[in-house]
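Counting from 1, the numbers follow the sequence of the chain as shown.
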Amino acid sequence: MPNTNGSNQAMSPSTTTTNENIFLFIPNLIGYSRIILAGCSLYFMSYHPHYCTLLYTLSCLLDALDGWAARRFSQSTKFGAVLDMVTDRCTTACLLCFLSSAYTKWAILFQGLISLDLASHYMHMYASLERGAASHKKVEKKMSRVLNLYYSNNKVLFTFCAANELFFLSMYLLSFPQFSIVGNSWSWPWIVAAVTFPICAAKQWINVVQMVKAAGSLAEGDLELRSQAKKQN
């Protein structure tokens with residue numbers, strides 16, 4: 001915690017502890033509401049696409065609101081960052097599970113996307129902790145210009161994440177006959193899917209880059225530890 005007295009002198013652990021309840025911080029409360037909305041969307045997913053899409057979209061939009069609240073009220077926490085990432089990964093994975101069952105011929109693709117998303121973000125988070133980074137979003141340009149731009153520019157991050165979810169939601173809606181066939185013209189989910197597909201594909205490429213860079217970072221750390229161990233012996 002920062003020294004509220006304005007002194008630069010380091011304070012003992014006993015003087016830095018406060019009675020704040022991290023679990024009740026505003027951005028974390030928003031995070032809990034995201035989980036509830038996502039859970040409700042899953043309940044309707046198999047038989048009521050309108051309710052499911054509305055609830056899922058609201059959960060995704062709150063993802064931007066909790067970040068704003070964390071900055072606005074100075075309530076950024078590691079718990080909140082992990083809660084946010086875990087919620088994102090779980091909700092997207094659940095939607096992709098449904099797509100795997102709805103489009104059985106493409107099941108292996110959707111299963112691969114689930115695996116890539118989880119593996120990429122887990123390795124990136126772990127590598128960030130190993131490097132001592134304050135946040136998984138703190139990526140230096142020398143490590144990766146792509147990831148630096150992706151995580152440092154909120155507009156870029158929002159665009160990629162939003163388009164990614166919109167594409168999967170569009171594919172979800174297209175699994176229902178009332179959305180996939182509209183006379184002789186394309187239905188609006190088809191149009192949304194066509195527009196967002198390139199960005200969604202780019203998002204998967206970023207996941208690959210993130211996983212490769214994280215693997216390299218972890219390997220470098222392993223080499224440093226082995227080198228230090230050899231010197232000690």
Side-chain angles (χ1 to χ4, degrees), residues 31 34-35 38 56 59-60 63-64 66-67 70 76-101 103 105-172 193 196-227:
R34 287 190 63 207
I35 296 174
Y56 191 96
S59 177
C60 291
D63 187 19
D66 65 3
S76 298
T77 60
K78 293 179 180 178
F79 169 75
V82 173
L83 176 67
D84 186 49
M85 176 176 283
V86 170
T87 301
D88 289 341
R89 305 285 72 74
C90 291
T91 52
T92 302
C94 289
L95 179 55
L96 288 174
C97 282
F98 180 88
L99 294 181
S100 295
S101 63
Y103 303 96
K105 292 183 178 180
W106 298 95
I108 187 65
L109 172 62
F110 292 119
Q111 291 167 357
L113 292 178
I114 294 173
S115 301
L116 174 61
D117 192 42
L118 293 176
S120 173
H121 284 84
Y122 177 81
M123 291 181 67
H124 177 66
M125 176 72 80
Y126 195 94
S128 298
L129 293 175
E130 285 292 304
R131 293 196 308 270
S135 168
H136 68 280
K137 294 184 178 181
K138 301 294 183 182
V139 180
E140 297 180 357
K141 287 185 178 181
K142 63 180 181 180
M143 178 182 179
S144 172
R145 290 184 178 274
V146 172
L147 296 180
N148 174 266
L149 175 62
Y150 178 72
Y151 280 117
S152 63
N153 191 312
N154 288 333
K155 292 181 180 180
V156 172
L157 182 63
F158 177 82
T159 299
F160 273 85
C161 292
N164 188 65
E165 296 297 337
L166 281 173
F167 175 76
F168 293 142
L169 276 176
S170 298
M171 296 305 299
Y172 160 71
T196 57
F197 173 75
I199 304 177
C200 178
K203 175 71 165 62
Q204 310 316 313
W205 173 70
I206 290 174
N207 280 343
V208 172
V209 172
Q210 181 170 258
M211 185 167 61
V212 171
K213 293 295 183 180
S217 178
L218 291 171
E220 289 178 4
D222 288 334
L223 289 174
E224 290 178 3
L225 289 176
R226 291 176 64 84
S227 178

Could you tell me whether the side chain of Tyr151 reaches within less than 4.5 Å of the side chain of His124, counting heavy atoms only?
yes
Excluding sequence neighbours, so at least two apart, what forms side chain to side chain contact (heavy atoms under 4.5 Å, CB included) with Thr196?
Ala163, Leu166, Phe167, Val192
Please round to the nearest 0.5 Å and tell me the distance separating atom CD1 of Ile199 and atom CD of Gln204.
12.0 Å
On a heavy-atom basis, the closest approach of Ala107 and Ser100 is CB-O, 3.6 Å
Smallest separation among heavy atoms of Gly80 and Thr77, with atom names:
N-OG1, 2.9 Å
Restricting to non-hydrogen atoms, name the atom on Phe168 and the atom on Leu99 that form the minimum distance, rounded to 0.1 Å.
O-CD1, 3.9 Å
Using side chain to side chain contact (heavy atoms under 4.5 Å, CB included) as the criterion, list what pairs up with Glu140, not counting sequence neighbours.
Lys142
Let me confirm one number: the OG-CE distance from Ser115 to Met211, rounded to the nearest 0.5 Å.
9.5 Å
Are the side chains of Tyr103 and Leu109 in contact, using a 4.5 Å heavy-atom criterion?
no
By ring-ring contact (aromatic ring centres under 6.0 Å, His included), Phe110 pairs with (sequence neighbours left out) none
What's the shortest heavy-atom distance between Leu218 and Glu130, and which atoms?
CD2-CG, 3.9 Å
How far does SG of Cys161 sit from NZ of Lys203, to the nearest 0.5 angstrom?
5.0 Å
From CD (Gln210) to CE (Met143), nearest 0.5 Å
8.5 Å
Residues Val146, Lys213; criterion side chain to side chain contact (heavy atoms under 4.5 Å, CB included); working and verdict
CA-CA 11 Å; Val146 172; Lys213 293 295 183 180; over 6 Å; no
Looking at residues at least two apart in the chain, or sitting in another chain, which of them share a side chain to side chain contact (heavy atoms under 4.5 Å, CB included) with Lys141?
Arg145, Asn148
Donor-acceptor list for residues 82-96 side chains, cut-off 3.5 Å, not counting sequence neighbours:
{"unit_1": "Asp84", "atom_1": "OD1", "unit_2": "Arg34", "atom_2": "NH1", "d": "2.9"}
{"unit_1": "Thr87", "atom_1": "OG1", "unit_2": "Leu83", "atom_2": "O", "d": "2.7"}
{"unit_1": "Asp88", "atom_1": "OD1", "unit_2": "Arg34", "atom_2": "NH1", "d": "3.2"}
{"unit_1": "Asp88", "atom_1": "OD1", "unit_2": "Arg34", "atom_2": "NH2", "d": "2.6"}
{"unit_1": "Arg89", "atom_1": "NE", "unit_2": "Asp117", "atom_2": "OD1", "d": "3.3"}
{"unit_1": "Arg89", "atom_1": "NE", "unit_2": "Asp117", "atom_2": "OD2", "d": "2.7"}
{"unit_1": "Thr91", "atom_1": "OG1", "unit_2": "Thr87", "atom_2": "O", "d": "2.8"}
{"unit_1": "Thr91", "atom_1": "OG1", "unit_2": "Asp88", "atom_2": "O", "d": "3.1"}
{"unit_1": "Thr92", "atom_1": "OG1", "unit_2": "Asp88", "atom_2": "O", "d": "3.0"}
{"unit_1": "Thr92", "atom_1": "OG1", "unit_2": "Glu165", "atom_2": "OE2", "d": "2.6"}

Could you state the interatomic distance from OG (Ser135) to CG (Leu129), rounded to the nearest 0.5 Å?
9.5 Å
Are there over 12 heavy-atom neighbours, none belonging to Leu225, within less than 6.0 Å of that residue's CG?
yes
Distance (rounded to the nearest 0.5 Å) between Arg131 CZ and His136 NE2:
11.5 Å
Other residues, nucleotides, ligands: >12 heavy atoms within 6.0 Å of Phe79 CZ
yes
Taking only residues two or more places apart in sequence or in another chain, which ones pass side chain to side chain contact (heavy atoms under 4.5 Å, CB included) with Val156?
Leu149, Asn153, Phe160
Nearest heavy atoms of Asn207 and Ser120, plus distance in Å
O-OG, 2.8 Å
